[in-house]
Amino acid sequence: MTATDGHRMASDVYDAHALQEKWQARWRANNPFVASEDPADDRPRRYVVDMFAYPSGDLHMGHAEAFAIGDIIARYWFQRGENVLHPIGWDSFGLPAENAAIKNGTHPAEWTYANIETQAQSFQRYGVSVDWTRRLHTSDPEYYRWNQWLFLRFFERGLAYRKEGLVNWCPQDQTVLANEQVVQGLCERCDTPVVRRSLNQWYFKITEYADRLLDDMHQLEGGRWSEDVLTMQRNWIGRSYGADVEFRIEGRDEPVTVYTTRPDTLYGATFFVVAADAALAEELCAPDRRDELDTYREQVAKLSDIERQSTERPKTGVFLGRYATNPVNGERLPIWAADYVLAEYGHGAIMAVPAHDQRDLDFALKFDLPVRNVVDTGDADPAETGVATTGDGILVNSGPLDGLTKDDAVERIIGILQERGTGQGAVNYRLRDWLLSRQRFWGTPIPIIHCPDCGEVPVPDDQLPVRLPDNLKGADLAPKGVSPLAAATDWVNVSCPKCGGDAKRDTDTMDTFVDSSWYFLRYCSPNLDTAPFEKERVDRWGPVDQYIGGKEHATLHLLYARFFVKVLYDMGMVGFTEPFARLLNQGQVINGGRAMSKSLGNGVDLGEEIERYGVDAVRLTMIFAGPPEDDIDWADVSPGASLKFLNRAFRVMVQAGAATQPGTDPSTGDLTLRKATHHALDQVTKAVEAYRFNVAVARIMELVTAARKTIDSGPGAADPAVREAAEVVAITLSLVAPYVAEEGWERLGHTGSVTIGNWRTPDPALLVQESVTCVVQVANKVRDKLEVSPDISEEELQRRALASERVQGFIGDREIRKVVVRPPKLVNIVVG
RNA sequence: GGGGCCGUAGCCCAAUUGGCAGAGGCACACGGUUUAGGUCCGUGCCAGUGCGGGUUCGAGUCCCGCCGGCCCCA
């Protein structure tokens, strides 16, 4: 038996696990993926970051997909010989570690670092092209020290502040949450309904950056970020243009300001609503309504936010026995307290225009309040239909606004309000400040000392990091509603850095999203101990050329990181205003049409899949399954088929390697295969650059098939074109299936690694086609096909099409109305 | 209820962005080779693009309206 007869020999067997061991050892020894920090290195710099992992256990299928995708991009750049920074780290603070520690009676660090080690080994095995010298863990004091340092810089600039207010409280996790971490009224982490509590908490003033977060999005448009994520962020920030209007309240000196997006409907206001839980409701309540309000407020307090804001739920409210005065027409408006108005939005009070707002209309109909139409939209009367008319129209019943369109009326009324000093145009945002305190242990201590005399005193920079105490473990960490750190009295009690008196440390820790808001900057100088990062290096690498991660962070991590970079820019610490130039959101890996979950019992274990098929086949399956943004249903794909293909590819490389030497001149090789090779190379390059990785794989498969055919039923394995094809297979396949590519490259007789700097440019001479098939249509039906030169002129093509006897037959004696000529592919003859 | 994305062979997916609907894979069938055992070579099969309109010489692609699915916000 020979190696060229198309049959498998024992030595041709692609043993995935043996190759994994062999090449991992080589990569560890050679460190091929270390980025160069030499400023004189003039290769193009590329910075690619995969969202770092939370060490919840071993890697899972979701990680496998995301990292397979990121690695294609990184390895493509490596193959092109560019200077690539592809780092890795762990987002290693957070609740699961703490919960595990409570359960096992240990310290969170034990669980955390054990899992990190497990994941690191899995990463090694997964063959990801990372620079291991830059590895970081956010739970290291060397890292979180800089969280504290940055917090203090924010504090100095007034961007970190403490205030008392209603906050989201998760009763399960026993901590507060940022607005972004409440999804449909539930805790993003554990799905427990979130309740409101009034607490004194630390915030980052992200609202100050609302405009820039919106306006800088032009840098991310045009496909650099998905439109989807940009839309989510725009809606989340929720900028609206309207007016602040001052309403005088009978028996109160100060007017109350309300924000409205529809100042044009001011003449249609028929009542006034304050949020039931706002302090204003209590203040404005007439004495004889007090009992009723108190009872109502108790009911409201029990409701979750989802229930409160549900449009399905009947409206509830209490008349407060007081009146407000409409500043434009002096009308008395009864003041009600209700739960559909939120204390936290705008000013916690609204003017109600039932004709043109559905929630107001529902309320008015429930409590028999008047409905006055002030915009004639052409729709039926809201008071009768129960449907508010929110469209554009002509103003009526509105004094000076009558006859105006909505936009003109808005402009006019704002002018009138300003003249009278009772209002002005205003911008409002849905975005709230980022609540960053957490009443949990396993996070970055907030570096503030509370002194009875000096107030909030920053921990001096030279005393950073404020380390977590290491003598708390197990039950000490159980949630109690206050941070477990409060129990570490040795740790809490300190002297004030200002006055030296007795003082206490802040016992809350930071939201872990602080850690992830700047880690991609730390990678540029991971061991620096004088600053969070070195500006020169960050500016050299940044912004991140390609960021890869899930869409679920649209209004969380991705928003926070953008905010951080803008603040750092203002501080002169970075030279760019957006962290991620391009963002790719990979889909989820599901199974049987549903997310994998323990309760459904449909989980797929990554380790088991790898055991069965090998790393290369699993990675190939992830990539070939479809576009990177799409979900992969593991029930629909076939890792077995991937393995089969890798065997085919491997055999081609082995057979070519056995038949010819490296450096063989391909120019005398089989022309058909040579063209196929260069065509594949061209197509793979284009597909990779367009992120159509599944298509790139399909083109490699075609090339393997073409080589197979040449070996079996053409000139045979010794043809130089077979070697050329096999080498291109090794090079292109290395992006997806690095182990088999390395081994194939070695079997092809090369001594080094295939991984770096081997990408090839197709020979243009081998890409040109002598002829293409041109379709000739008569009345939209294909009637003839012509073999024409690819660069045929319009006139020549039309002449040849009309010269065709078949075409003439189909035209018959009908009149030619028009001839559409699209050289070289199509001619369409339109006949009468 | 509002906003966004998506519906192409039995299944996963392509389609040079308005030009012959099919590249690749799965499954299936058949043939060859073979002590392959989810892993060899080859051949074949299958839809007119969710439904209904519109624009156009020409629509999977653009526009409008439905139906279905997913996501975000209520």
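Bear in mind the structure is a predicted one, so any value in this text is a computation, not a measurement. In what follows, chains carry the letters A, B, and so on, assigned in the order in which the sequence lines appear, proteins first and then strands, with residues in each chain numbered from 1.
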Q: Would you call A:E743 and A:R747 a salt bridge, taking side-chain N to carboxylate O under 4.0 Å as the test?
A: yes
Q: Can you check the A:H553 NE2 to B:C72 P distance for me, whole Å?
A: 13 Å
Q: It should be established whether A:R692 places a side-chain nitrogen or oxygen under 4.0 Å from OP1 or OP2 of nucleotide B:A15.
A: yes
Q: At 4.0 Å (heavy atoms only), tell me whether A:K785 reaches a base, stays on the sugar-phosphate, or touches nothing.
A: base
Q: Could you check how far NZ of A:K315 sits from C1' of B:G1, rounded to whole Å?
A: 12 Å
Q: What is the pairing partner of B:A15, taking Watson-Crick or G-U wobble pairs with both distances under 3.5 Å in any strand?
A: none
Q: Dump every N/O contact between nucleotides 23-25 of chain B and the protein below 3.5 Å, one line per pair.
A:
residue, atom, partner, partner atom, Å
B:A23, O2', A:R699, NH2, 2.8
B:A23, O2', A:E702, OE1, 3.4
B:A23, O2', A:E702, OE2, 2.2
B:A23, N3, A:R699, NH2, 2.9

Q: So A:E227, base contact, sugar-phosphate only, or nothing? Heavy-atom distance under 4.0 Å.
A: nothing
Q: Rounded to whole Å, how long is the line connecting atom CE of A:M232 with atom C1' of B:A74?
A: 15 Å
Q: In the strands shown, is B:G1 matched to any nucleotide by a Watson-Crick or G-U wobble pair with both distances under 3.5 Å, and which?
A: B:C73
Q: Under a 3.5 Å cut-off for both contacts, is B:G7 paired Watson-Crick or G-U wobble with anything, and if yes, with which nucleotide?
A: B:C67
Q: In whole Å, what is the span from the NZ atom of A:K781 to the C1' atom of B:G58?
A: 12 Å
Q: Which of these nucleotides, B:C41, B:U16, B:A74, is closest to any side-chain atom of A:K825?
A: B:U16
Q: Expressed in angstrom and rounded to an integer, what is the separation of A:R234 atom CZ from B:G4 atom P?
A: 12 Å
Q: Does the structure place the NZ or CZ of A:R582 under 6.0 Å from the centre of the six-membered ring of A:W225, at an angle of no more than 45° from the ring's axis?
A: no
Q: For A:R651 and B:C41, is the shortest distance between a side-chain N/O and OP1 or OP2 below 4.0 Å?
A: yes
Q: On RNA chain B, nearest-nucleotide positions of A:T555 versus A:Y613: which is more 5'?
A: A:Y613
Q: Taking the P atom of each, how far is B:U56 from B:C67, in whole Å?
A: 28 Å
Q: Does A:N828 have any side-chain hydrogen bond (donor to acceptor under 3.5 Å, both in side chains) partners at least two apart in sequence or in another chain, and if so, which?
A: A:N780
Q: Taking the nucleotide of RNA chain B with the closest heavy atom to each, which residue, A:C774 or A:V182, is nearer the 5' end?
A: A:C774
Q: Roughly how far apart, to the nearest Å, are B:G3 and B:A74 at atom P?
A: 15 Å
Q: In chain order, what residues pass the side-chain hydrogen bond (donor to acceptor under 3.5 Å, both in side chains) check against A:D616, with sequence neighbours excluded?
A: A:Y14
Q: Output all residues satisfying ring-ring contact (aromatic ring centres under 6.0 Å, His included) with A:Y76, sequence neighbours left out; order by chain, then residue number.
A: A:W759
Q: Work out how far the C1' atom of B:U49 is from that of B:U8, and round it to whole angstrom.
A: 4 Å
Q: For B:G7 and B:U61, measure between their P atoms and round to the nearest Å.
A: 10 Å
Q: Using the test ring-ring contact (aromatic ring centres under 6.0 Å, His included), find all partners of A:Y739 that sit at least two apart in sequence or belong to another chain.
A: A:W27
Q: Does NZ or CZ of A:R359 fall inside the cone over A:Y340's six-membered ring, less than 6.0 Å from its centre and within 45° of the axis?
A: no
Q: What integer number of Å spans the P atoms of B:A9 and B:C51?
A: 10 Å
Q: Which salt bridge (charged side-chain N to carboxylate O under 4.0 Å, His left out) pairs, counting each pair once, include a residue from residues 672-694 of chain A, with sequence neighbours left out?
A: A:R80-A:E689, A:R674-A:E724, A:K675-A:E770, A:D682-A:K686
Q: When the C1' atoms of B:U17 and B:G58 are considered, how many whole Å apart are they?
A: 15 Å
Q: Syn or anti: how is B:G48 classified when any glycosidic angle within 90° of 0 counts as syn?
A: syn
Q: Report the nucleotide, chosen from B:G19, B:C12, B:C20, that has the shortest atom-to-atom distance to any side-chain atom of A:T773.
A: B:C20
Q: Would you kindly give the CH2-to-C1' distance between A:W236 and B:G2, to the nearest whole Å?
A: 16 Å
Q: Roughly how many Å apart are B:C20 and B:C11, using the C1' atom of each and rounding to a whole number?
A: 26 Å
Q: Test A:S771 against A:V788 for side-chain contact (heavy atoms from CB on, under 4.5 Å), laying out the working first.
A: CA-CA 5 Å; A:S771 70; A:V788 301; over 6 Å; no
Q: Rounded to whole Å, how long is the line connecting atom CG of A:L826 with atom C1' of B:U17?
A: 16 Å
Q: Please measure how far the P atom in B:A15 lies from the corresponding atom in B:G60, and state the result in whole Å.
A: 15 Å
Q: With syn defined as a glycosidic angle within 90° of 0 and anti as the rest, where does B:U17 land?
A: syn
Q: What's the CD-P distance between A:Q181 and B:C72, to the nearest Å?
A: 15 Å
Q: Taking a pair as Watson-Crick or G-U wobble with both distances under 3.5 Å, which nucleotide is matched to B:C62?
A: B:G54
